[in-house]
Engineer: 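Before we start, here is the structure in question, set down as structure tokens.
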Amino acid sequence: MDVLQRRLVCERFGRRSSDVILLGDLDPAVVETRGIRDPVDQSRQVFDEVYERVNRCVREFAGAVRAPAAIAS
């Protein structure tokens, strides 16, 4: 999802932009943009870079979702 898609989701479902998280917002690395590049029709190197970034972000998301459950136990 990118910024335009977030705006469309907010408009369609009546949400504030702060209610919708972009996966790139979770990247722990220092990056130029919070948006994640679309690797379609790009080189293998671009695909690998995007895949690694998505993987980093998903690990952060999983850790954030898992943390409250561990505290509740």
Side-chain angles (χ1 to χ4, degrees):
M1 182 183 298
D2 61 26
V3 176
L4 174 61
Q5 291 166 324
R6 174 173 40 195
R7 184 173 57 82
L8 294 172
V9 166
C10 291
E11 289 172 3
R12 177 175 282 175
F13 298 103
R15 306 304 302 197
R16 296 174 304 187
S17 62
S18 61
D19 293 337
V20 180
I21 297 172
L22 298 179
L23 189 61
D25 291 340
L26 303 173
D27 197 336
V30 177
V31 293
E32 288 184 28
T33 178
R34 301 317 289 171
I36 295 177
R37 191 171 170 188
D38 185 348
V40 171
D41 295 327
Q42 301 293 320
S43 69
R44 175 61 191 237
Q45 179 182 349
V46 170
F47 175 84
D48 290 342
E49 290 168 1
V50 170
Y51 182 88
E52 179 52 39
R53 183 160 187 214
V54 167
N55 194 32
R56 271 195 319 266
C57 294
V58 168
R59 283 193 311 261
E60 288 296 311
F61 178 73
V65 171
R66 194 175 317 129
I71 293 170
S73 298

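One-based numbering along the sequence shown.
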Engineer: If the condition is salt bridge (Lys or Arg N to Asp or Glu O under 4.0 Å), which residues does R7 pass it with, not counting sequence neighbours?
Structural biologist: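 With neighbours one apart ignored, the set is E11.
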
Engineer: Please identify each residue that fulfils side chain to side chain donor-acceptor pair (under 3.5 Å) with E49, with sequence neighbours left out.
Structural biologist: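 Checked E49 against side chain to side chain donor-acceptor pair (under 3.5 Å); matches are Q45.
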
Engineer: Please check if V46 and I36 belong to a single hydrophobic cluster, counting links between Ile, Leu, Val, Met, Phe, Trp and Tyr side chain heavy atoms closer than 4.5 Å.
Structural biologist: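 Result: yes, single cluster for both.
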
Engineer: Given a cutoff of under 4.5 Å between side-chain heavy atoms of I, L, V, M, F, W and Y, with clusters grown through shared members, what are the other residues clustered with L4?
Structural biologist: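 So far as hydrophobic clustering goes, L4 is joined with L8.
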
Engineer: Listed by chain and number, what are the salt bridge (Lys or Arg N to Asp or Glu O under 4.0 Å) partners of R44, not counting sequence neighbours?
Structural biologist: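 If we apply the salt bridge (Lys or Arg N to Asp or Glu O under 4.0 Å) test to R44, skipping adjacent residues, the hits are D48.
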
Engineer: Sequence neighbours left out, what passes salt bridge (Lys or Arg N to Asp or Glu O under 4.0 Å) with E60? Give chain and number order.
Structural biologist: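 E60: no salt bridge (Lys or Arg N to Asp or Glu O under 4.0 Å) contacts found.
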
Engineer: Provide the closest heavy-atom pair for G24 versus C57 in the form atom of the first, atom of the second, distance.
Structural biologist: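 Scanning both residues completely, I find the closest heavy atoms to be CA-SG, 4.1 Å.
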
Engineer: Honestly curious: do L23 and Y51 fall in one hydrophobic cluster under the side-chain, below-4.5 Å linking rule?
Structural biologist: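 No: no chain of side-chain contacts under 4.5 Å links L23 to Y51.
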
Engineer: Per the salt bridge (charged side-chain N to carboxylate O under 4.0 Å, His left out) rule, what does the pair list look like for residues 22-32, sequence neighbours excluded?
Structural biologist: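 Listed once each, the pairs are R6-D25, D27-R53, D27-R56.
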
Engineer: Can you list everything that forms a side-chain contact (heavy atoms from CB on, under 4.5 Å) with V9? Sequence neighbours excluded, please.
Structural biologist: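 Checked V9 against side-chain contact (heavy atoms from CB on, under 4.5 Å); matches are M1, F13, V20.
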
Engineer: Can you list the residues that meet the side-chain contact (heavy atoms from CB on, under 4.5 Å) rule with N55, with sequence neighbours excluded?
Structural biologist: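 If we apply the side-chain contact (heavy atoms from CB on, under 4.5 Å) test to N55, skipping adjacent residues, the hits are E52, R59.
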
Engineer: Tell me, please, which residues at least two apart from R37 pass side chain to side chain donor-acceptor pair (under 3.5 Å).
Structural biologist: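 By the side chain to side chain donor-acceptor pair (under 3.5 Å) rule, R37 matches Q42.
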
Engineer: Please enumerate all residues that pass salt bridge (Lys or Arg N to Asp or Glu O under 4.0 Å) together with R15, with sequence neighbours excluded.
Structural biologist: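 For R15, the residues satisfying salt bridge (Lys or Arg N to Asp or Glu O under 4.0 Å) (neighbours in sequence not counted) are D19.
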
Engineer: Hey, any chance V31 and V54 share a hydrophobic cluster, counting ILVMFWY side chains that come within less than 4.5 Å of each other, even indirectly?
Structural biologist: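 No, it is not one cluster - the side chains of V31 and V54 are not joined through contacts under 4.5 Å.
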
